[in-house]
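Accompanying notes for the structure given below.
For clarity, every value in this text was computed on a predicted model and none was experimentally measured.
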Amino acid sequence: MRTCYHSIKRRGEVIKVRDCVLLKSGPRKTDLPYVAKVSALWLDPEEGEIMASLLWYYRPEHIEGGRRPHHHEAELFACKHKDYNSVATIEDKCYVLTLAEYNRHCKKAKMIEFGVKPSIPVVPSIEGEYARSERLPSPTVDKDIVFLCRHVYDYRQKRILKNPS
């Protein structure tokens, strides 16, 4: 029987099930980290090590055809590719946002960068009511850990599908 966890604390940071994370991809600092969503955290009884079950995101560089001019610089593709890794391979938490979430995040970050005060919104804020509000980044978070996902990649058929959401 497995011992499962809702969250773990690693390097002072809490990582929960459904959080997105960056994982080591190679020995060089220039190697882009892999991106995945944590679907479960559990103790491997044989190794005595905490493991993470992961759903992978693919970067345009890692898919058939590579990065194209129409791909956004922060774009990722969701995938049904599942795997598990030791939590020791996790480098950092990150954020994978929908197109609307990403645009709102960029707007807030730019407003802070340029010292622009928010005006009265035309549409009322839903942040308190929004189901994913706790998974959204602060506008001051490093832009290198905020990603955009608007498509799904079928790794078996090697093609991009429209995101069903």
Side-chain angles (χ1 to χ4, degrees), residues 2 4-8 10-11 13-26 28 30-42 44 50-110 123 125-165:
R2 275 191 188 162
C4 295
Y5 303 97
H6 295 289
S7 64
I8 59 164
R10 201 168 168 290
R11 297 184 192 144
E13 187 169 47
V14 175
I15 296 170
K16 298 183 263 183
V17 171
R18 294 194 195 127
D19 280 348
C20 292
V21 292
L22 298 173
L23 292 102
K24 295 176 188 169
S25 64
R28 293 175 290 200
T30 56
D31 293 331
L32 290 173
Y34 294 125
V35 182
K37 180 181 276 193
V38 177
S39 61
L41 295 164
W42 46 277
D44 181 348
I50 297 177
M51 304 296 283
S53 295
L54 305 165
L55 288 166
W56 294 101
Y57 287 95
Y58 280 59
R59 293 178 186 268
E61 294 86 354
H62 299 144
I63 67 169
E64 193 80 15
R67 183 171 287 279
R68 303 263 169 87
H70 64 275
H71 292 142
H72 189 278
E73 63 187 14
E75 187 148 21
L76 297 174
F77 301 106
C79 188
K80 291 186 179 181
H81 180 184
K82 295 179 188 179
D83 199 359
Y84 62 89
N85 280 35
S86 165
V87 295
T89 62
I90 296 174
E91 290 185 340
D92 201 358
K93 266 172 89 166
C94 67
Y95 302 89
V96 179
L97 309 177
T98 65
L99 179 60
E101 291 169 344
Y102 187 82
N103 287 337
R104 280 189 208 100
H105 169 75
C106 289
K107 176 189 169 200
K108 288 177 185 176
K110 287 280 186 199
V123 179
S125 173
I126 60 164
E127 296 209 1
E129 304 165 19
Y130 188 52
R132 287 178 35 94
S133 61
E134 70 177 38
R135 302 212 183 277
L136 298 177
S138 153
T140 57
V141 77
D142 183 357
K143 71 179 185 74
D144 291 339
I145 63 168
V146 179
F147 299 96
L148 161 67
C149 180
R150 52 187 170 170
H151 299 287
V152 174
Y153 179 66
D154 184 333
Y155 71 101
R156 288 191 177 118
Q157 295 183 4
K158 300 187 183 316
R159 64 188 187 121
I160 297 172
L161 310 170
K162 185 176 181 211
N163 196 343
S165 59

Mind checking whether [X] and [Y] have side chains closer than 4.5 Å, heavy atoms only?
{"X": "Val96", "Y": "Lys37", "result": "no"}
{"X": "Pro137", "Y": "Leu97", "result": "yes"}
{"X": "Glu13", "Y": "Asp92", "result": "yes"}
{"X": "Lys158", "Y": "Tyr153", "result": "yes"}
{"X": "Val35", "Y": "Leu22", "result": "yes"}
{"X": "Cys20", "Y": "Tyr95", "result": "no"}
{"X": "His62", "Y": "Tyr34", "result": "yes"}
{"X": "Arg135", "Y": "Glu101", "result": "no"}

Would you check if there is a donor-acceptor pair between the side chains of His81 and Tyr58 at a distance under 3.5 Å?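 There is such a pair between these side chains.
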Testing the basics here: between [X] and [Y], what is the closest heavy-atom pair and its distance to 0.1 Å?
{"X": "Ala52", "Y": "Leu41", "value": "CB-CD2, 3.9 Å"}
{"X": "Tyr102", "Y": "His72", "value": "OH-CE1, 3.2 Å"}
{"X": "Ala109", "Y": "Pro139", "value": "CB-O, 3.4 Å"}
{"X": "Ala74", "Y": "Val146", "value": "CB-O, 3.7 Å"}
{"X": "Tyr57", "Y": "Cys149", "value": "CE2-SG, 4.0 Å"}

Salt bridge check, Lys16 against Asp19: does any charged N sit closer than 4.0 Å to a carboxylate O?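 Judged by the 4.0 Å cut-off on N to carboxylate O distance, Asp19 and Lys16 do not form a salt bridge.
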Salt-bridged, Arg150 to Glu75, with N to O below 4.0 Å?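 Counted as a salt bridge, because a side-chain N and a carboxylate O are separated by less than 4.0 Å.
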Test of understanding: with side-chain hydrogen bond (donor to acceptor under 3.5 Å, both in side chains), list the residues that count as partners of Arg18, not counting sequence neighbours.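 side-chain hydrogen bond (donor to acceptor under 3.5 Å, both in side chains) list for Arg18, sorted by chain: empty.
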If you measure from [atom1] on [X] to [atom2] on [Y], what distance do you get to the nearest 0.5 Å?
{"X": "Ile160", "Y": "Phe77", "atom1": "CD1", "atom2": "CZ", "result": "4.0 Å"}
{"X": "His105", "Y": "Leu148", "atom1": "NE2", "atom2": "CG", "result": "11.5 Å"}
{"X": "Ile63", "Y": "His71", "atom1": "CD1", "atom2": "NE2", "result": "5.0 Å"}
{"X": "Met51", "Y": "Cys4", "atom1": "CE", "atom2": "SG", "result": "12.5 Å"}
{"X": "Cys94", "Y": "Leu76", "atom1": "SG", "atom2": "CG", "result": "7.5 Å"}
{"X": "Ile15", "Y": "Ile90", "atom1": "CD1", "atom2": "CD1", "result": "4.5 Å"}

For residues 139-149, pull every pair meeting side-chain hydrogen bond (donor to acceptor under 3.5 Å, both in side chains), keeping only residues two or more places apart or in separate chains.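 Residue pairs passing side-chain hydrogen bond (donor to acceptor under 3.5 Å, both in side chains), neighbours aside: Ser138-Thr140.
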Whether Arg67 side chain and Arg59 backbone form a donor-acceptor pair below 3.5 Å: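 Pair absent, no side-chain N/O of Arg67 close to backbone of Arg59.
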Any donor and acceptor pair, going by atom type alone, linking the side chain of Ser39 with main-chain N or O of Ser53 inside 3.5 Å?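 Indeed, once roles are kept as given, a pair shorter than 3.5 Å links the two residues.
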Derivation of the ring pair (Phe, Tyr, Trp, His ring centres under 6.0 Å) call for Tyr84 and Trp42: CA-CA 10 Å; Tyr84 62 89; Trp42 46 277; 5.6 Å; yes
Check the surroundings of atom NE2 in His70: do more than 12 heavy atoms from other residues, nucleotides or ligands lie under 6.0 Å from it?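 Count over threshold, so yes.
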